[in-house]
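Within every chain, numbering begins at 1; the chains are lettered A, B, ... in the order of the sequence lines, protein sequences first and strands thereafter.
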There are 2 protein chains.
Amino acid sequence: MLERHEVEAFLTLAEELHFGRTAERLRVSTARISQTIAKPERRTGIPLFERTSRRVELTAAGRRLYEGVRPAWDQITGAFEQAVASGRGLTGTLRVAFVPFEDAPPLRWGLLWRADNATARLRAFAEAAHDLAGTA
Amino acid sequence: MLERHEVEAFLTLAEELHFGRTAERLRVSTARISQTIAKPERRTGIPLFERTSRRVELTAAGRRLYEGVRPAWDQITGAFEQAVASGRGLTGTLRVAFVPFEDAPPLRWGLLWRADNATARLRAFAEAAHDLAGTA
DNA sequence: TGTTGTTACGGGATCCGTAAGCATG
DNA sequence: CATGCTTACGGATCCCGTAACAACA
């Protein structure tokens with residue numbers, strides 16, 4: 001089965017037919033798109049795209065897969081966003097700061113976390129924000 | 001958005017309403033199911049299940065999400081399996097052996113790999129076999 | 001020859017199982 | 001008090017970006 005990031009890369013590349021633009025839309029490197037597309041192709045033995053360094057097009061199998069997956073994927077993302085939207089009761093603005101040293105000056109607003117494990121916390125926050133906002 | 005394994009855990013638990021049976025069906029530990037369910041709940045702030053150590057039931061949001069996701073997920077898995085099935089030309093049986101030492105007796109059938117990186121190769125093989133067979 | 005897709009490689013995050021903890025009926 | 005969900009922890013895997021490489025027009 002396809003992973004979530006594989007589905008997103010596949011659908012985006014099927015629409016853009018260009019690795020660079022796909023990477024840009026998905027905010028990752030083109031190298032990652034290349035490998036993310038190649039992995040399920042190698043796993044199944046089924047090429048989804050025919051590409052040279054100048055042209056990218058869907059194979060017949062790739063086109064059928066796209067047509068089968070695209071509407072269902074929209075359905076799933078829609079159901080998820082609706083669940084999140086209907087589940088939250090109040091709306092507002094949250095400001096967040098990361099303080100890289102211990103004796104930083106106090107803040108007057110928002111949350112304050114110590115910098116321990118800062119990247120992990122920032123990542124978790126970004127994920128939650130993404131889900132709650134419905135946008136990147 | 002939900003990861004692939006999160007979707008599968010959610011759908012299975014929504015049907016079984018039991019962490020142990022869900023883990024069994026998905027061939028993972030119950031501890032993993034617990035964390036896999038908890039993670040999107042914490043990420044979004046929306047409980048999907050109401051559970052004690054004696055009872056598991058869907059919340060209202062969980063039920064709506066299930067109804068929105070279940071048919072679309074079947075659609076995606078079906079499209080993927082169909083792409084794989086239509087993409088393979090010949091069918092047959094493949095037997096595979098892993099030989100843990102260098103001068104093992106020769107085999108008369110199937111593939112033979114050295115034991116270098118055996119777990120990685122076995123994993124890759126299992127993934128490919130899963131996709132090609134459409135079963136566990 | 002420049003643009004675009006691929007391969008190599010190292011680091012960080014995450015998934016996973018085992019084992020211990022805890023709570024419900 | 002026994003079943004069953006959760007938390008703690010260590011290890012393997014995988015995702016990701018940077019950088020070097022390859023190939024097409």
Side-chain angles (χ1 to χ4, degrees), chain A residues 1-10 12-14 16-43 47-59 62 115-128 130, chain B residues 1-10 12-14 16-43 47-59 62 115-128 130:
Chain A
M1 181 51 46
L2 296 172
E3 299 298 323
R4 191 258 315 161
H5 69 277
E6 290 173 344
V7 171
E8 292 183 341
F10 167 70
T12 306
L13 183 60
E16 293 288 350
L17 296 178
H18 188 282
F19 282 74
R21 284 196 297 272
T22 300
E24 206 170 339
R25 272 182 56 180
L26 266 37
R27 319 273 184 162
V28 296
S29 66
T30 70
R32 193 99 308 268
I33 297 295
S34 176
Q35 294 180 345
T36 303
I37 295 295
K39 189 162 188 179
E41 288 181 321
R42 297 191 73 87
R43 209 161 57 210
L48 300 172
F49 294 93
E50 196 80 41
R51 64 262 205 195
T52 71
S53 63
R54 281 297 175 186
R55 185 169 50 241
V56 177
E57 16 184 341
L58 279 163
T59 62
D116 300 353
N117 221 357
T119 66
R121 294 188 186 214
L122 179 55
R123 219 187 148 82
F125 174 77
E127 275 184 27
H130 180 103
Chain B
M1 181 52 47
L2 295 173
E3 300 297 324
R4 192 256 316 159
H5 68 277
E6 290 173 343
V7 172
E8 292 183 341
F10 167 70
T12 306
L13 183 60
E16 294 287 350
L17 296 178
H18 186 282
F19 282 73
R21 285 196 297 274
T22 299
E24 205 170 340
R25 272 182 56 181
L26 265 38
R27 318 272 184 164
V28 296
S29 65
T30 70
R32 192 101 308 270
I33 297 295
S34 176
Q35 293 182 347
T36 302
I37 295 296
K39 189 161 187 180
E41 288 181 322
R42 296 192 74 87
R43 209 160 58 210
L48 301 172
F49 295 92
E50 197 79 40
R51 66 264 204 192
T52 70
S53 66
R54 284 296 175 186
R55 185 168 51 241
V56 177
E57 19 185 339
L58 280 163
T59 62
D116 299 355
N117 224 356
T119 65
R121 293 189 187 212
L122 180 55
R123 220 187 147 82
F125 173 77
E127 275 183 27
H130 180 103

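In this structure, B:Met1 CE and B:Arg43 CZ are separated by 9.0 Å, a value rounded to the nearest 0.5 Å. Atom CZ of A:Phe10 and atom CG of A:Leu58 lie 6.0 Å apart (nearest 0.5 Å). For the atom pair OG1 (A:Thr30) and NE2 (A:His18), the distance works out to 9.5 Å, reported to the nearest 0.5 Å. In this structure, CD1 on A:Ile33 lies 7.5 Å from CG on A:Leu13, to the nearest 0.5 angstrom. The distance from the OG1 atom of A:Thr12 to the CG atom of A:Leu26 is 4.5 Å, given to the nearest 0.5 Å. Interatomic distance, CG of A:Leu2 versus NZ of A:Lys39, reported as 12.0 Å (0.5 Å rounding).
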For nucleotides 17-21 of chain C, give me every protein contact, N/O to N/O, under 3.5 Å, one pair per line with atom names.
| residue | atom | partner | partner atom | Å |
| --- | --- | --- | --- | --- |
| C:dG17 | OP2 | B:Ser29 | N | 2.9 |
| C:dG17 | OP2 | B:Ser29 | OG | 2.9 |

Interface polar pairs with nucleotides 21-23 of chain D, N/O, under 3.5 angstrom:
| residue | atom | partner | partner atom | Å |
| --- | --- | --- | --- | --- |
| D:dA23 | N3 | A:Ser53 | OG | 3.3 |

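B:Ile33 places its CD1 atom 12 Å from the C1' atom of D:dC5, with the value rounded to the nearest Å. Whole-Å rounding puts the B:Phe19 CZ to C:dT24 P distance at 14 Å. For A:Glu3 and D:dC14, the CD to C1' distance is 10 Å, given to the nearest whole Å. Whole-Å rounding puts the B:Glu24 CD to D:dC5 P distance at 12 Å. In this entry the distance linking NZ of A:Lys39 with P of C:dT6 reads 16 Å, nearest Å. If you measure from atom CG of A:Leu26 to atom P of D:dC15, you get 14 Å, rounded to the nearest angstrom. For B:Leu2 and C:dC15, the CG to P distance is 12 Å, given to the nearest whole Å. Going from atom CZ of A:Phe49 over to atom P of C:dT4 covers 17 Å, rounded to whole Å.
The pair A:Arg51-A:Glu41 meets the salt-bridge criterion, with a side-chain N (NZ, NE, NH1 or NH2) lying under 4.0 Å from an Asp/Glu carboxylate O.
Residue B:Arg4 is tested with A:Glu3, A:Glu8, A:Glu6 for a salt bridge (Lys or Arg N to Asp or Glu O under 4.0 Å); the sole match is A:Glu3.
Checked against salt bridge (charged side-chain N to carboxylate O under 4.0 Å, His left out), B:Glu16 has the following partners two or more places apart in sequence or in another chain: B:Arg21, B:Arg25. Listed by chain and number, the residues in a salt bridge (charged side-chain N to carboxylate O under 4.0 Å, His left out) with A:Glu50 amount to none (sequence neighbours excluded). Residues satisfying the salt bridge (charged side-chain N to carboxylate O under 4.0 Å, His left out) test with A:Arg32, not counting sequence neighbours, are none.
Residues B:Ser34 and A:Thr36 both approach DNA chain D. Their nearest nucleotides, taken by heavy-atom distance, put B:Ser34 toward the 5′ side. Each of A:Arg54 and A:Leu17 was matched to the nucleotide of DNA chain C holding its nearest heavy atom; the match closer to the 5' end belongs to A:Arg54.
The side chain of A:Arg55 sits closest to D:dA25 out of C:dG5, C:dC15, D:dA25.
Distances shown here put a side-chain N or O of B:Arg51 below 4.0 Å from the OP1 or OP2 atom of D:dT6.
Helix bend of the helix from C:dT1-D:dA25 to C:dG25-D:dC1: the angle between its two end axes, each built from five pairs, comes to 40° after rounding to 10°.
In this structure, the side chain of A:Thr59 engages the main chain of A:Pro47 through a donor-acceptor pair within 3.5 Å.
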